[in-house]
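Everything on this sheet refers to the single structure shown next.
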Amino acid sequence: MSDLDIRRAVPSDIDAVLAFWRMAAEGTSISDDHAGVALLITRDPGALLLAERRGTLVGTVIAGFDGWRCSAYRLAVHPDHRRQGIATALLKAAEQRFTELGGRRVDAMVLEENERAHHTWQAAGYDRENHWRRWVKPLEGGNRGR
């Protein structure tokens, strides 16, 4: 894994990240557009972590912290690079960020239908909490989606 670099995303990465998510991530989000990712990077410059191998984007995770909760989103690895420890490296980087910010627990958003992801999160030490459910409401003026 010495050839894997993990870094913060910058505005010039946005289009590549969106294309990567369309190919490597499961499902879509209401914020999967240039404006949504730009807002994330502007508001919390360290939240979107990118894994690159020899300059090629091979993985992402959003490690968001609002001062109360640590939230992980968009853990995605390029299909040709899976099962090589990239997700593990991204989660370790996210967890390090959370620890440095004073976080105490990580919540991860994982699609129910994405069973492959369930195994990844479980292998990384995360436990499913079945007694919680996510409630959502799109805001006025926002796009429809998750």
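The first residue in the sequence is number 1, and the count goes up from there. Remember, it's a predicted structure, so these values are computed and weren't measured experimentally.
Residue Asp107 comes nearest to Arg69 through the heavy atom pair OD2-CD, 3.2 Å, listed as atom of the first residue, atom of the second, then distance. Closest non-hydrogen pair, Gly59 versus Ile86, comes out as CA-CG2, 4.3 Å. Nearest approach of Ala24 to Pro79, heavy atoms of both residues: CB-CD, 4.1 Å. The nearest pair of heavy atoms linking Trp21 to Ala76 is CD1-CB, 4.4 Å. Leu40 approaches Ala47 most closely through the heavy-atom pair CD1-CB, 3.9 Å. The two residues Ala16 and Leu57 have their closest heavy-atom pair at O-CD2, 4.0 Å.
With contacts defined as side-chain heavy-atom distances shorter than 4.5 Å, the pair Leu91/Leu75 qualifies. Residues Ile6 and Leu50 fail the side-chain proximity criterion, which asks for heavy atoms closer than 4.5 Å. Using a 4.5 Å heavy-atom cutoff, the side chains of Leu48 and Tyr73 are not in contact.
Between Asp44 and Arg97, at least one side-chain N (NZ, or NE/NH1/NH2) sits under 4.0 Å from a carboxylate O, which counts as a salt bridge. In summary, Asp80 and Arg53 do not engage in a salt bridge, as defined by a charged side-chain N under 4.0 Å from a carboxylate O.
Residue pairs that meet the salt bridge (charged side-chain N to carboxylate O under 4.0 Å, His left out) test with at least one member in residues 7-20, sequence neighbours left out, are Arg7-Asp13, Arg7-Glu52. Residue pairs that meet the ring pair (Phe, Tyr, Trp, His ring centres under 6.0 Å) test with at least one member in residues 76-95, sequence neighbours left out, are His78-His81.
By the criterion of side-chain heavy atoms lying less than 4.5 angstrom apart, applied directly or through intervening Ile, Leu, Val, Met, Phe, Trp or Tyr residues, Met23 is grouped together with Val17 in one hydrophobic cluster.
Going from atom CG of Leu49 over to atom OG1 of Thr60 covers 9.0 Å, rounded to the nearest 0.5 Å. Rounded to the nearest 0.5 Å, atoms OG (Ser71) and CG (Asp66) are 6.5 Å apart. Residue Leu101 holds its CG atom at 6.0 Å from CZ of Phe65, rounded to the nearest 0.5 Å.
Among residues two or more places apart in sequence or in another chain, the side chain to side chain contact (heavy atoms under 4.5 Å, CB included) test is passed with Arg54 by Asp3.
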